[in-house]
Amino acid sequence: MGEYNEKKETCGTICLKYLLFTFNFFFWLAGLAVMAVGVWTLVQKSDYISLLPSSMYAATAYILVIAGAVVMVTGFLGCCATFKERKSLLKVYFILLLCIFILEVLAGILAYIYYQQCAPFCSQLNDELKQSLKNTMTMKYKQPGEDKVTNAVDKLQQEFKCCGSNNSQDWKESAWIRSPESEGRLVPDSCCKTMSNRCGIREHPSNIYKVEGGCITKLETFIRSHLLIIGAVGLGIGFVQVFGMIFTCCLYKSLKSEPY
């Protein structure tokens, strides 16, 4: 009877090991995906994100890269702890899982609370962002030494199908538009629906993004929607981690009860 119980416990331990290994494999993939999103954001979206006065979105991307790396290391540690059946490693792994879980849940909750509570202040914040982006566009576009800003503005207007911070009228205050270098353009060529050389000399709605709205509104909508998605993903991964912690506790208890 004792031999049967020992075999039963061993079989249960093996099942736990493979369950925990499977969890860690997908946990590692999740970390890789999170880090990839952060790197993609920094590489592909850094141009027009740099136009914003706040570094919040860029900081979020860096946090994603760091969090993804930590999750990948934790997943690898979990795999090592599982197959080596080292109780000390399992303890470290459980503590790391618990810390990541608490941080993810807190970050998700705080992001949601901030998103809800910022509503009364969004109008004032949006006005400040509009003015800041307007100043950047009108004062730095096509100016000497401002190639990065110029490329970022062109990319922003083409990608979001917009013209100006508030609207296309913002470009009337542009230092470049008022200069001879603009060659009679009323708006930059990147405002055009079909971009071509000197297409910005005609500002009719059929030619430029005149009635589609300003760039800052679309950029803010894009950022807010992605922050919500990031928060939801963080809470989802945190929920899945609960099962990883349960599996870890069960395996630890099973290993502790086995004779060596």
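Every heavy atom of this structure was used, including side-chain atoms; hydrogens, water molecules and symmetry mates were not.
Taking the ring pair (Phe, Tyr, Trp, His ring centres under 6.0 Å) definition, one finds that W28 meets it with nothing, sequence neighbours left out.
In this structure, E159 CD and K161 NZ are separated by 9.5 Å, a value rounded to the nearest 0.5 Å. The line from CE of M72 to CG of L77 is 13.5 Å long, rounded to the nearest 0.5 Å. Expressed to the nearest 0.5 Å, how far NZ of K210 lies from CD of E203 amounts to 4.0 Å. Of the inter-residue distances, the one linking L98 atom CG with M245 atom CE reads 5.5 Å to the nearest 0.5 angstrom. To the nearest 0.5 Å, atom CZ of residue F247 and atom CZ of residue F21 are 14.5 Å apart. In this structure, I95 CD1 and I100 CD1 are separated by 12.0 Å, a value rounded to the nearest 0.5 Å.
Heavy-atom minimum distance, N166 versus D170: N-OD2, 2.6 Å. Between C191 and W171, the shortest heavy-atom contact is SG-NE1, 3.7 Å. The shortest non-hydrogen separation linking I208 to S168 is CD1-CB, 4.1 Å. The heavy-atom pair separating C162 from G214 by the smallest distance is CB-C, 4.0 Å.
For the pair Y209 and V187, the minimum side-chain heavy-atom distance is 4.5 Å or more. In this structure, the side chains of N197 and D189 come closer than 4.5 Å at one or more pairs of heavy atoms. Annotation: side chain of M137 is in contact with side chain of L156 (closest heavy-atom distance under 4.5 Å).
Note: the hydrophobic cluster containing L90 also contains I246 (ILVMFWY, side chain heavy atoms under 4.5 Å, direct or indirect links). Hydrophobic clustering of Ile, Leu, Val, Met, Phe, Trp and Tyr side chains at less than 4.5 Å, counting indirect connections, unites L32 with F25. One hydrophobic cluster, built from ILVMFWY side chains closer than 4.5 Å, holds both L20 and F101. One hydrophobic cluster holds both V242 and V71 under the rule that ILVMFWY side chains link at heavy-atom gaps under 4.5 Å.
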Inset, instruction - Take F23 and L97 through the test side-chain contact (heavy atoms from CB on, under 4.5 Å) and record every step on the way to the result. - result: CA-CA 12 Å; F23 166 81; L97 270 185; 4.3 Å; yes

Inset, instruction - Evaluate the side-chain contact (heavy atoms from CB on, under 4.5 Å) criterion for residues Y141 and S190: first the C-alpha distance (whole Å), next the side-chain angles of each, then the deciding distance (0.1 Å), finally the verdict. - result: CA-CA 12 Å; Y141 186 80; S190 57; 4.2 Å; yes

Inset, instruction - Given side-chain contact (heavy atoms from CB on, under 4.5 Å), test E173 with M139 step by step and report yes or no. - result: CA-CA 8 Å; E173 302 176 24; M139 302 303 295; over 6 Å; no

Inset, instruction - Could you please spell out the steps behind the side-chain hydrogen bond (donor to acceptor under 3.5 Å, both in side chains) verdict for Q143 and K140? - result: CA-CA 5 Å; Q143 298 303 303; K140 295 183 178 181; over 6 Å; no

Inset, instruction - Take N24 and Y93 through the test side-chain contact (heavy atoms from CB on, under 4.5 Å) and record every step on the way to the result. - result: CA-CA 11 Å; N24 280 303; Y93 173 65; 2.4 Å; yes

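Cysteines C215 and C163 have SG atoms no closer than 2.5 angstrom.
A distance-only check finds a donor-acceptor pair linking the side chain of N207 to the backbone of C199 [under 3.5 Å]. Checked by atom type and distance alone, the side chain of R198 pairs as donor or acceptor with a backbone atom of E183 at under 3.5 Å. Under a 3.5 Å cut-off, the side chain of K218 and the backbone N or O of F160 do form a donor-acceptor pair. Under a 3.5 Å cut-off, the side chain of R178 and the backbone N or O of K172 do form a donor-acceptor pair. A donor-acceptor pair is defined here as one N or O able to donate and one able to accept, closer than 3.5 Å; such a pair exists between the side chain of T150 and the backbone of K142. Of the possible donor and acceptor atoms, one in the side chain of T248 sits under 3.5 Å from a partner among the backbone N and O of G244. A distance-only check finds a donor-acceptor pair linking the side chain of S182 to the backbone of I177 [under 3.5 Å]. Judged purely by atom type and a 3.5 angstrom limit, Q158 uses its side chain to pair as donor or acceptor with the backbone of C192.
Applying the 6.0 Å contact sphere to CE of M195 captures more than 12 heavy atoms from other residues, nucleotides or ligands.
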